2 protein chains.
Amino acid sequence: MGFFRGRFLHSLDTKGRVAIPQRFREAMDAGREEIRLVMTVDPEGCLVVYPEGAWTELERKWEELPQMNDDLKTYLRFMVGWASEGVLDRQGRILVPPPLRDYAGLEHEVWFVGLLHKFEIWNGERLGTATGPEKVRSVTQKLSGLF
Amino acid sequence: MGFFRGRFLHSLDTKGRVAIPQRFREAMDAGREEIRLVMTVDPEGCLVVYPEGAWTELERKWEELPQMNDDLKTYLRFMVGWASEGVLDRQGRILVPPPLRDYAGLEHEVWFVGLLHKFEIWNGERLGTATGPEKVRSVTQKLSGLF
DNA sequence: CCACCCTCCCCCACTTTTCCCCACTCTTCA
DNA sequence: TGAAGAGTGGGGAAAAGTGGGGGAGGGTGG
């Protein structure tokens, strides 16, 4: 499984479908014909997409945690509660369910952003404010201890 | 038994019935014709629904615990005391008993939220406040020790 | 003990959404 | 300048969700 990199501008059609960038499809496609993925939300206000395998791995971790923990329940209500599994159609598109569309404020134009093992789908304006160079500069300082 | 994922907006009809989302039915249906489930309440103010098997497993655990424990009694009065078993009708709907409807403040519009082994039924407003992005962000910090 | 009422559940019919397929355009590359 | 690959748009069948009529069954009151 390759990495997801780069950003691509695509369009959501009137039926709520978007084509996944070919580069991303290649990264997932190990010669299989059917590509399955899971789409959910991120607190920053965008959608996150995982190849099915990566997602089920996350679920396996969550299963093992103490199920009575209230914080975990809140977290799962968010991550799992928004999750939507889907298969690409013959044209390499996926249907974005209306609740997810609304959550991420997706109109006609949407941006795909590669993020190694997963990728995100953004409304253009939100992407701009969330990932501007100024913001990154401030964050980089705090990270410098890590690597 | 598959996992429950995602959120779906359905409507409670005038008879107090709701259709279970098809995705959730699939997750329970191992080719059986009759799907039985148990519905109870959650302290957060929503309903929780377990497939019958998952519920009886919980009951078996509860049985083994020290029955004199007052905290356990309080907990069971809540979980078991509200529990209601039901079967889906031919249209895949279930009847929500009036006490449960009132407890969860369910009107016409109700949200289904998948939570891996179980799923919840929410009044829209309550769901919004219980699972907003701000809340999740604060919780995520505390959880980072767990995984 | 009987009659009534109310709830529940079966069935049927309608609307909306989803998803499968085909066709067109635009870019890229030889 | 042609061919192939990528992205977009829309028609139409199938599936999913919704609403309501009517009969059976259980509870209640007389």
Side-chain angles (χ1 to χ4, degrees), chain A residues 2 4-29 31 33-39 47 49 52 83-102 106-114 119 121-122 124, chain B residues 2 4-29 31 33-39 49 83-102 106-114 119 121-122 124:
Chain A
F4 301 112
R5 306 186 189 99
R7 62 173 60 194
F8 305 87
L9 177 62
H10 280 192
S11 56
L12 204 63
D13 67 23
T14 53
K15 294 181 175 179
R17 297 172 300 185
V18 247
I20 305 292
Q22 174 59 13
R23 287 289 177 82
F24 290 1
R25 266 179 270 158
E26 282 167 14
M28 292 186 280
D29 182 15
E33 56 201 59
E34 199 177 54
I35 297 184
R36 309 184 134 270
L37 32 79
V38 177
M39 188 183 307
L47 304 183
V49 184
E52 195 187 41
S84 157
E85 5 172 13
V87 186
L88 299 204
D89 69 13
R90 267 261 196 77
Q91 282 66 35
R93 290 177 293 193
I94 196 157
L95 180 75
V96 183
L100 291 173
R101 235 176 286 163
D102 294 344
L106 302 181
E107 314 274 342
H108 184 66
E109 293 197 340
V110 303
W111 283 94
F112 283 81
V113 179
F119 60 89
I121 305 180
W122 285 85
Chain B
F4 301 112
R5 306 186 187 102
R7 61 174 57 194
F8 305 88
L9 177 61
H10 280 190
S11 55
L12 204 63
D13 66 22
T14 53
K15 296 178 176 180
R17 298 172 300 184
V18 247
I20 305 292
Q22 173 60 12
R23 287 287 175 85
F24 289 2
R25 267 178 270 157
E26 282 168 14
M28 292 187 280
D29 182 14
E33 54 202 60
E34 199 177 55
I35 297 184
R36 309 184 133 270
L37 33 80
V38 178
M39 189 183 307
V49 185
S84 151
E85 4 174 11
V87 187
L88 298 204
D89 70 14
R90 266 265 194 75
Q91 280 67 36
R93 291 178 291 196
I94 196 160
L95 182 74
V96 182
L100 291 175
R101 232 177 289 165
D102 294 344
L106 301 181
E107 313 273 342
H108 184 67
E109 292 198 341
V110 303
W111 284 92
F112 283 80
V113 178
F119 61 89
I121 306 181
W122 286 84

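Since we're looking at a predicted model, the values are computed, not measured. All values below come from the heavy atoms of this structure, side chains included, with hydrogens, waters and symmetry mates left out. Protein chains get the first letters and strands the later ones, always in sequence-line order, with residue 1 at the start of each.
Side-chain rings of A:Phe8 and A:Phe24 approach one another, their centers coming within less than 6.0 Å.
In the set D:dT8, D:dG21, D:dG17, the nucleotide with an atom closest to the side chain of B:Ala19 is D:dG17. Nearest nucleotide to the A:Ser11 side chain, out of D:dT18, D:dG9, C:dC19: D:dG9. Distance from the side chain of B:Asp13 is smallest for D:dG19 among the nucleotides D:dG7, D:dA6, D:dG19. For A:Lys15, taking side-chain heavy atoms from C-beta onward, the closest of the listed nucleotides D:dG19, D:dG7, D:dG10 is D:dG10.
The neighbour count for B:Gln91 CD, taken as heavy atoms of other residues, nucleotides or ligands under 6.0 Å away, is above 12. Applying the 6.0 Å contact sphere to CD of A:Gln22 captures more than 12 heavy atoms from other residues, nucleotides or ligands.
When heavy atoms are screened at a 4.0 angstrom cut-off, B:Leu12 is found touching no nucleic acid atom at all.
Along DNA chain D, the nucleotide nearest to B:Arg17 and the one nearest to B:Gln22 differ in position, and the one closer to the 5' end is contacted by B:Gln22. Along DNA chain C, the nucleotide nearest to A:Leu95 and the one nearest to B:Pro98 differ in position, and the one closer to the 5' end is contacted by B:Pro98.
Note on A:Arg25: a side-chain N or O is less than 4.0 Å away from OP1 or OP2 of D:dG7. Contact annotation: B:His108 side-chain N/O to D:dG19 OP1/OP2 distance is under 4.0 Å. In this model, the phosphate group of D:dG9 is not approached by any side-chain N or O of A:Thr14 to a distance below 4.0 Å at OP1 or OP2.
The base of D:dG20 sits within donor-acceptor range of the side chain of B:Arg93, with an N or O pair under 3.5 Å.
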